Structures are given as structure tokens and as C-alpha cells.
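I have placed the structure first, in the form of C-alpha cells, so that the comments after it can refer back to it.
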Amino acid sequence: MFLRSGSCVDFSAFRKLLLTFITLGKGATSLTLKTEDVVVNLQDNTRVSLNCTFRKENYEEIENRDIRWQKLIRDSFEDVAIFSLPGGKEPYITPEVENVYGNRTDLVAPNSSLSALLIISNVICNDEGVYRCRIRYYVNLKEFNEYSNSSVIFTGKAKKPNLFQISSDELEEKSSVGLNCSADVGAPKGNIKIWKLAQNSNTPELIYTSKEIHTENCTNSVNISHMYKVMRGDSGALFQCSSQNSYNDGVGPSLISERISVFYGPDEPSVLLNPHKSSFYVGENITLSCSADSNPPSNFTWTFQPTKHFHGIKDILCTNKPIGSKLMLQNIQLDCSGEYTCTASNGLGRRFKNVSINVRVRIDNPQTTTTGCAQCGHTETCQYKNGEAHCITNAWIPVAVISIVISLIFGIAITVLIKQKIINEGKQSTNSSYLHIQLSPSRQSGTEDLAPRASTRESKDGFPPYEKITETQNEPEST
């Protein structure tokens, strides 16, 4: 279409019409939106300003109420505020969210700057989220929509807790202490953490972390309660409550409790001997030291059980009164042999430990004076009465000794008789052999042989009877 002004052609109208055909031919528009993310420090500012700036061509038409600020609620965007172009209807908050935003918002309609401004005051946690600006417009009666998102992010430094309490600072082992803390945790992702700091440590140990907490206005104090089971190693420790969020590095602003005391009964005592050896000699000194871990500290008592042949002195110590956990045995004697018991106790329990001591007489010292049962002889038995040793003769011991001596004599006599009999039998056998002795033959000169003859008389020298043998000498022949 050509428009005339007098006799001249209106080229500006022609150019606009030509641009419209070119745009429609390409299927594109030139309207643009611009929004920005908003970061709000809740401790410095309580307002959120959302600005939707747009630019459009004259052929792009925007009808009344087609400029809208929306918020992502659950899975879809819902209208919050509706605007019109300059000269159009006044902006307003939609009825669906009037109860949430109605008294806390200011709406600035587009003017020559072509921007729709949504200002939210007295922000609450639900104001955080994703918003978008939507503009619906038409080009040659064809509908188009343009969108631009803006994220609202709340930040805030965590503040020092305003309350931190423990239920008790004196507890028994394996009982639980209640820990209560209240703090403004700031944003984002605020929480409360509780730490334990041991008595001799500078490094806190994390024992509890709360869930991420969001309150109605994001700045109210958050309250938590936690129960912690204490052990004996926790005695002297303190607890620390800190306010945390994503902007804290390490332990945040904190409150610290008083140190706690953990009470427990004694462990099994340990007994040390000084000097450290297995047996001792009469006259030596011994120190027994007893110790046991407990809180409060234990009281120590000593008892004595003598060796079994010392009767009637149970629980009586052969020394002076012990001093606390130490027992001093001075100038010990034989009757100090036995079992010594250390008992450790406090209001929460009682434990004991036994140790045996053996006292001997020093043999290499001839001047050592023996006392007690050591002075009793082999034929005596020892009885301990009224603290003194008594040696009593055993009547059966002499009888047993005499019986043994008689038995020995009888045995020796029998042995001698048996040996004598054996000797006699041997001699008779020898005499019988003498009766059969033959003399050697006589000479050839005709002298008469003399044969031995048995004698009927007995020998006067006690030997068995036999015939004396005489030898006849040959006389010399006469010449």
C-alpha cells in the first residue's frame, strides 16, 4: 500500500510495511526481555526488586494485562502480578496469591522505560525461588510469547547462638546429657552443629548436625535438642553449639558450655611391691602401693590373710596402720607371710586385688634369730595362739623312731645269721675233700707203701677228724 501526502509517496510507511512482510516471511519477532537474578542479604535488606525490561517494535502489539510476573510453585508457574502498557489498566496482584503478597508488594507499571517492576517487602522464606516475566504479544494477529527467568536467592550470615544449655555438668558414666541450642542460622542451608572439645585438645569433634532448617521469615532462632551418652574419657570436656550455613568455613559463631565431670567406679586395682621380688627375708622392709582409676578418687583399705599354719589372725596386719594407698611392712617376720588384699572403693563401686608375700629365714647368717614356728624342732608341731607361736611335742614321733630302730636291728641280725650258715656249709664241703687224698707211690726199692687211714678220733683243734699222714724216710743202703 502506498500512502500519499499531497503528491508525494510516504516512504516511511512503505518501509515499515516492507519490514513487517520480511519478518512474517521469516517467522520471527524482535521483542526481547531482560531480567536479572536477585541476591538478598536478609541481615542488611528485607526487600526484593524484580525488574522486567522489554523492547519491541511498533508492529508488535501487547494488549492490556499481557505483561505478567509469575512464580514457580511446585511444578508450574503461577501469576503473581499483572501489568499493562503505558496508558493501560493499573497493575494488580492476582486474587490467588493476594493473601501472601497483597500487603507486602509495590507494583510499578511500564512507562517510557518499558519495564514492569515487582517490589516485595518484609520478605519471608517462601519468597525465595524462581520467578519469570512473561509477555504475550501479537504480530499481524498472530500470538507470540516471550519469557525470561529471575532467581531470588536469600543469604545471611549465621549469628551467634542466643541460648545453649546442658542438662547437668556432673554425670555418671554411660548416662546421657541433654544439649539445647537456639540460634539464627542465616541462609542458605542453615543448620546447628554441636561439637565436643576434650580437656587436653584444641580440635573440636563434631557430634551432632541438625537438618537444614527454614523458618517463616528466615531470621528467627532455630531450637534443637540432642542427647549425648558420656563415657569416662569425656570427663573434663566441654560442648560447643555453633550456627552454620553455606557461608561458614569451619566452626561458625558459637556458645560454649561448662566443663563436665563424669563419675565412675574403680577399675581393678594394681598393687606394686618395692622392692619388686617374689620372696623376702626376715628383717626386711616392704612397701605395697595400690592404685585404681576412678572418679571420684577411691578410698583404699588393706586386709591380711596369713599363711594357713598361722591360725586366728585373719584381717590383722603385722605392721602399723596403712597410710592411704600405701602399706609399709617394717622388720618383717615369718608370721608376715600371707596374702595382702587392697580394696578400692567409692560411692559407685568396689574392687579388690590380692598379692602374696613369702618371708624366709636367711640361711647364710648364723646369727639370725628365728622366731615364730621356725624355732620348732622336727619332733614338734607349731600352733599360733594369741599372736605367739607355740612348739608342741608330737608323742607319736618318738614311737615311730623306736619302731624304725628295732626293725633295723632285727633286719641286721637276720642278715648275719644267714651269712654264718652259708659259711658253715662251705667249710663242710672242704673237709670232705680231704678224706680222699691219696699219697704218691713208693720207690722201686721194695719199701712198703704206707696208705692213709681214717682215724676214729676227733681233732683237738676243732677241725673235722682226719688221719695224720706220716712220711717214712728210706734208710740209706749199707755198702
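Note: hydrogens, waters and symmetry copies are ignored here, and every other heavy atom, side chains too, is used. Nothing here was measured: the structure is a model prediction, and the numbers come from that model.
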### Query
So, do Asn299 and Asn346 sit near enough that their side-chain heavy atoms are less than 4.5 Å apart?
no
Check: Does any donor atom in the side chain of Tyr137 or Asn145 lie under 3.5 Å from an acceptor atom in the other side chain?
Finding: no
Whether the side chain of Ser345 engages the backbone of Arg350 through a donor-acceptor N/O pair (distance < 3.5 Å, no angle test) should be reported.
no
- Query: What's the verdict on side chain to side chain contact (heavy atoms under 4.5 Å, CB included) for Leu114 and Arg55, showing C-alpha distance, side-chain angles and the deciding distance?
  - Reply: CA-CA 7 Å; Leu114 296 182; Arg55 185 178 63 83; 5.7 Å; no
By ring-ring contact (aromatic ring centres under 6.0 Å, His included), Phe239 pairs with (sequence neighbours left out) Tyr228
Nearest heavy-atom approach of Ser151 to Val130 is OG-CG2, 4.1 Å
**Item:** Side-chain touch Tyr138/Asp66, heavy atoms, less than 4.5 angstrom
**Value:** yes
Hey, does the side chain of Ser175 reach the backbone of Leu171 with a donor-acceptor pair shorter than 3.5 angstrom? no
- prompt: Given side chains that start at C-beta, do those of Tyr131 and Val152 come closer than 4.5 Å, heavy atoms only?
  reply: yes
Can a side-chain donor-acceptor contact be found between Asn122 and Thr46 if the only test is distance below 3.5 angstrom? no
Decide yes or no for Ile422 and Asn424: does some side-chain heavy atom of the first lie under 4.5 Å from some side-chain heavy atom of the second? no
**Item:** Short side-chain donor-acceptor distance under 3.5 Å, Ser242 and Gln244
**Value:** yes
Do any N or O atoms from the side chain of Asn285 and from the backbone of Asn331 form a donor-acceptor pair under 3.5 angstrom?
yes
Practice prompt. Answer whether the closest heavy-atom distance between the side chains of Val108 and Phe83 falls below 4.5 Å.
Written response: no
Next on the checklist: Show, in sequence, the C-alpha distance, side-chain angles and deciding distance for Gln70 and Glu78, and conclude whether the side chain to side chain contact (heavy atoms under 4.5 Å, CB included) test is met.
Outcome noted: CA-CA 5 Å; Gln70 300 175 319; Glu78 305 292 338; over 6 Å; no
So, the side chain of Ser337 versus the backbone of Val359: is there a donor-acceptor pair under 3.5 Å, distance only?
-> yes
Residue pairs passing the disulfide bond (SG atoms under 2.5 Å apart) test with at least one member in residues 234-271, sequence neighbours excluded, are Cys181-Cys241
Original post:
Just checking, is any N or O donor in the side chain of Tyr281 or Arg360 under 3.5 Å from an acceptor N or O on the other one?
Top reply: yes
- Task: Look only at the side chain of Asp106 and the backbone of Ile119, and say whether a donor-acceptor pair between them is shorter than 3.5 Å.
- Result: no
Note to self: With salt bridge (Lys or Arg N to Asp or Glu O under 4.0 Å) as the criterion, how do Lys277 and Glu284 come out once you've worked through the C-alpha distance, each side chain's angles and the decisive distance to 0.1 Å?
What the structure shows: CA-CA 12 Å; Lys277 54 185 181 178; Glu284 288 189 308; 2.9 Å; yes
Within a strict 4.5 Å, meaning less than it, do heavy atoms of the Trp69 and Leu107 side chains meet?
no
Heavy-atom side-chain contact between Thr105 and Leu118 under 4.5 Å = yes
Practice prompt. Might you confirm whether atom CD of Glu172 has over 12 heavy atoms from other residues, nucleotides or ligands at distances under 6.0 Å?
Written response: no
**OP:** Please report the C-alpha distance between Arg134 and Glu146 in whole Å, then the side-chain angles of each, then the deciding distance to 0.1 Å, and finally whether the salt bridge (Lys or Arg N to Asp or Glu O under 4.0 Å) criterion is met.
**Re:** CA-CA 6 Å; Arg134 173 198 170 193; Glu146 196 70 26; over 6 Å; no
query = Would you say the side chains of Thr35 and Ser150 form a donor-acceptor pair under 3.5 Å?
reply = no
| task | Mark yes or no for whether Ser243, through its side chain, and Lys160, through its backbone, hold a donor-acceptor pair below 3.5 Å. | result | no
Review point. So, the side chain of Asn111 versus the backbone of Pro86: is there a donor-acceptor pair under 3.5 Å, distance only?
Key: no
Quiz prompt | Donor-acceptor pair, side chain of Ser84 and main chain of Arg65, under 3.5 angstrom | solution = yes
Closest non-hydrogen contact found for Lys34 with Ser148 is C-OG, 4.2 Å
Here the pair of heavy atoms bringing Lys229 nearest to Lys174 is CE-O, 3.6 Å
Start with the C-alpha distance between Leu85 and Asn64, add both sets of side-chain angles, then the distance that settles side chain to side chain contact (heavy atoms under 4.5 Å, CB included), and finish with yes or no.
-> CA-CA 7 Å; Leu85 286 176; Asn64 284 330; 5.7 Å; no
**Q.** Side-chain touch Asp184/Val222, heavy atoms, less than 4.5 angstrom
**A.** no
Between the side chain of Glu60 and the main-chain N/O of Glu57, is any donor-acceptor distance below 3.5 Å? yes
**Study point:** Side-chain (Ser235) to main-chain (Arg232) donor-acceptor, under 3.5 angstrom
**Key:** no
request  = Please determine, by modelled atom types, if Ser210 and Asn191 share a side-chain donor-acceptor pair under 3.5 angstrom.
outcome  = no
message = Please determine whether side chain to side chain contact (heavy atoms under 4.5 Å, CB included) holds for the pair Arg104 and Ile124, giving the CA-CA distance in whole Å, both sets of side-chain angles, and the decisive distance to 0.1 Å.
response = CA-CA 10 Å; Arg104 301 188 298 115; Ile124 61 175; 4.0 Å; yes
Test: Glu61 and Lys142 ion pair at under 4.0 Å
no
- Query: How are the rings of Tyr208 and His226 set to each other: parallel, tilted or perpendicular (split at 30° and 60°)?
  - Reply: parallel
Electrostatic pair Arg259-Asp234, nearest N-O below 4.0 angstrom: no
Heavy-atom nearest pair, Ala183 first then Pro161, reads CB-CA, 3.6 Å
